[in-house]
There are 2 protein chains.
Amino acid sequence: MVHTITEHEVLTAVLRVGDLDSGRPRLHVLLWQRAREPQLGRWSLPGGLLRGNEDITASARRQLAEKVDLREIAHLEQLAVFSAPDRVPDVRTIASTFLGLVPSPADPELPSDTHWHPVDDLPPMAFDHETMVAHAHSRLVAKMSYTNIGFALAPTEFILSTLRDIYSVVLGHQVDATNLQRVLVRRGVITRTGTTARSGRSGGRPAARYRFTESQLRVTDEFAALRPPGWVGLES
Amino acid sequence: MVHTITEHEVLTAVLRVGDLDSGRPRLHVLLWQRAREPQLGRWSLPGGLLRGNEDITASARRQLAEKVDLREIAHLEQLAVFSAPDRVPDVRTIASTFLGLVPSPADPELPSDTHWHPVDDLPPMAFDHETMVAHAHSRLVAKMSYTNIGFALAPTEFILSTLRDIYSVVLGHQVDATNLQRVLVRRGVITRTGTTARSGRSGGRPAARYRFTESQLRVTDEFAALRPPGWVGLES
DNA sequence: GCAAAAGTGTTGACAATACACCCATGG
DNA sequence: CCATGGGTGTATTGTCAACACTTTTGC
């Protein structure tokens, strides 16, 4: 059996809700334009080769800090491994992928070759990176409904219509702010701060401000069916 | 920067419900006893190094077929990557892990160094493999409640009390056969075959036989909260 | 008949959507 | 005072656990 060299790379799909106050918010992914062959000019996920003294999570963090100068990742989790033998030409490269989330108003300085792109309108992507973005998006959509993962996308303090926009954009359909509030408050996911925001340009009642109770991923909607006998929700 | 060699291994936690008819069913994982140092005598998950011409899924399948002579995996899915630099001594080794499921009555021939072990009473395990088993188990538990993943653990035809035992063992708590039936039938996960089993040793009404409608993983209990407006469930 | 096991009917708790209605502010 | 957006109350629907009750068999 021939023993070929195998590289291991770590790639992260960093997602963010952009254009929040400017009318039409969109879900963005951070991409980086290749400056050399192969696939020159195509866009790829930030990342790079794993080093000998780091695990893949540390590697993902390091690459984001070094390559795109991004240090404020609110949430980072493993996605999947992409390992088709020919997914990258020449040298066999296995990719571990991550989902990273950045809160919305934060608009970090980025190097000139990296940009935010709408997830539903991607530019020509390098290798199998488009599949990875799709994977990241669907993971995020799934977790929006049964965890508190929204904390990683929202500002530290926000009003409910903002949160509604965030959820709507991520989920891809209209979300009712009224019910969103009730669901998240009952689950203890969000808490009122007590302060209120000034009303908008055209009047209207001032909105109460909220924040996420916790900034650590937690499952908030445990299995509905087949739960243990005598189950009482939430406890606490 | 020093460029050290990195190996990539693929490990699978194969789970099965054992001792089904003998009173006290248990969830088992397939383990393999190490015959050489390091960690001689400890038990490890089946697997081995990735080859140059296969992706990790193919590798997992191959290793199970070769090393433990197991070819009938009803379900196989990626778990997580374990990549701590020192998780294995000497040569840096990254592990991609899988969850594999085998239906219950099947009791394949196994090599003499491999055995089924109860998941809740593991022998001394090699390296970080114990964590991997825990990971596999919790993934399985989660998916039991919102997918049809049970198809991969149950016989092709079964009666409800058998299925209740399978669910109870995996979930770790008593499950009511009555409600289990209703939940799974409403979701279209299981179907009556029409035939009935003969009643047991001590009389009783003969049980209807069922089978899983599909033998491909499918999400059957879509998000309860934050579903799209006008959602009607199931359709068809 | 009688015990045992399987399966059905019913009830109560709870969660979530939908929608009508009230509240507070700016112009 | 009215338009605009925020927030609450409530009806309806649906899901599930719990449990009583009926059905069907072996002995």
Side-chain angles (χ1 to χ4, degrees), chain A residues 21 23 144-146 157-165 167-168 171 173-210 220-235, chain B residues 21 144-146 158-165 167-168 171 173-210 220-235:
Chain A
D21 3 61
M144 288 298 275
S145 63
Y146 69 92
E157 287 201 7
F158 50 85
I159 61 175
L160 254 158
S161 54
T162 303
L163 194 64
R164 186 228 311 130
D165 290 343
Y167 273 76
S168 296
L171 294 176
H173 62 79
Q174 290 294 104
V175 173
D176 182 48
T178 298
N179 294 326
L180 182 65
Q181 190 257 16
R182 265 197 284 243
V183 169
L184 296 185
V185 166
R186 175 152 37 74
R187 290 181 183 172
V189 172
I190 59 176
T191 322
R192 302 183 78 126
T193 61
T195 63
T196 61
R198 280 208 316 289
S199 37
R201 39 217 159 284
S202 53
R205 174 173 172 177
R209 266 204 278 262
Y210 291 81
T220 58
D221 190 29
E222 213 82 44
F223 33 74
L226 308 179
R227 50 177 173 259
W231 169 265
V232 282
L234 285 188
E235 209 67 19
Chain B
D21 5 60
M144 288 298 275
S145 63
Y146 68 92
F158 51 86
I159 61 175
L160 254 159
S161 55
T162 304
L163 194 63
R164 187 229 312 131
D165 290 342
Y167 272 76
S168 297
L171 294 176
H173 61 79
Q174 290 294 102
V175 173
D176 182 49
T178 298
N179 293 326
L180 183 64
Q181 189 257 16
R182 268 197 284 240
V183 169
L184 297 185
V185 165
R186 173 152 37 77
R187 290 181 181 172
V189 172
I190 59 175
T191 320
R192 302 181 78 125
T193 62
T195 64
T196 62
R198 279 205 319 286
S199 37
R201 41 220 157 285
S202 54
R205 175 173 172 177
R209 265 203 279 262
Y210 291 81
T220 58
D221 190 28
E222 212 81 42
F223 32 75
L226 308 180
R227 50 176 172 260
W231 171 265
V232 284
L234 283 190
E235 212 64 20

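Chain A is the first sequence line, chain B the second, and so forth, proteins listed ahead of strands; every chain is numbered from 1. Bear in mind the structure is a predicted one, so any value in this text is a computation, not a measurement.
For B:Arg187, a side-chain nitrogen or oxygen approaches OP1 or OP2 of D:dC16 to under 4.0 Å. Considering only side-chain N and O atoms, B:Arg186 lies nowhere under 4.0 angstrom from the phosphate OP1 or OP2 of D:dG14. At the phosphate of D:dG6, neither OP1 nor OP2 sits under 4.0 Å from any side-chain N or O atom of A:Gln181.
Taking atom CG of residue B:Leu163 and atom P of nucleotide C:dA6, one finds them 13 Å apart after rounding to whole Å. Atoms NE2 (A:His173) and P (C:dT17) sit 9 Å apart, rounded to a whole Å. The CG atom of B:Leu160 sits 13 Å away from the C1' atom of C:dT8 (whole-angstrom rounding). Here D:dT8 presents its P atom at 14 Å from CG of A:Leu184, a figure rounded to the nearest Å. Between A:Glu222 atom CD and C:dA15 atom P there is a gap of 13 Å when expressed in whole angstrom units. Atom P of nucleotide D:dT24 and atom CZ of B:Arg209 are separated by 18 Å, given to the nearest angstrom. Atom OH in A:Tyr146 sits about 15 Å away from atom P in C:dA16, given to the nearest Å. In this structure, A:Leu226 atom CG and D:dA18 atom P are separated by 12 Å, rounded to whole Å.
Nucleic acid contact class of A:Ala208 (heavy atoms, under 4.0 Å, all strands): sugar-phosphate only.
Nearest-nucleotide mapping onto DNA chain C: of B:Arg192 and B:Ala225, the residue sitting toward the 5' end is B:Arg192. Comparing A:Pro206 and A:Val183 by the nucleotide of DNA chain C that holds the closest heavy atom to each, the one mapping nearer the 5' end is A:Val183.
Every residue meeting the side-chain contact (heavy atoms from CB on, under 4.5 Å) condition with B:Val189, not counting sequence neighbours, appears here in chain and number order: B:Asn148, B:Leu184, B:Arg187, B:Phe212, B:Thr220. Take B:Asp176 and apply the salt bridge (charged side-chain N to carboxylate O under 4.0 Å, His left out) test, not counting sequence neighbours, and it matches no residue. Not counting sequence neighbours, A:Gln174 has no partner by the side chain to side chain donor-acceptor pair (under 3.5 Å) test. Qualifying side-chain contact (heavy atoms from CB on, under 4.5 Å) partners for B:Ser168, counting only residues two or more places apart in sequence or in other chains: B:Arg164, B:Val175. Listed by chain and number, the residues in a side-chain contact (heavy atoms from CB on, under 4.5 Å) with A:Thr191 are A:Arg211, A:Thr213 (sequence neighbours excluded).
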Quick one: which protein N/O atoms are closer than 3.5 Å to N/O atoms of nucleotides 19-23 of chain D? Pair and distance per line, please.
residue : atom : partner  : partner atom : Å
D:dT23  : O2   : B:Arg205 : NH1          : 3.3

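Looking only at atom types and distance, the side chain of B:Thr195 has a donor-acceptor partner in the side chain of B:Arg209 under 3.5 Å away.
Shown here for B:Ser145 and A:Leu226, the closest heavy-atom pair between the two residues is CA-CD1, 4.2 Å.
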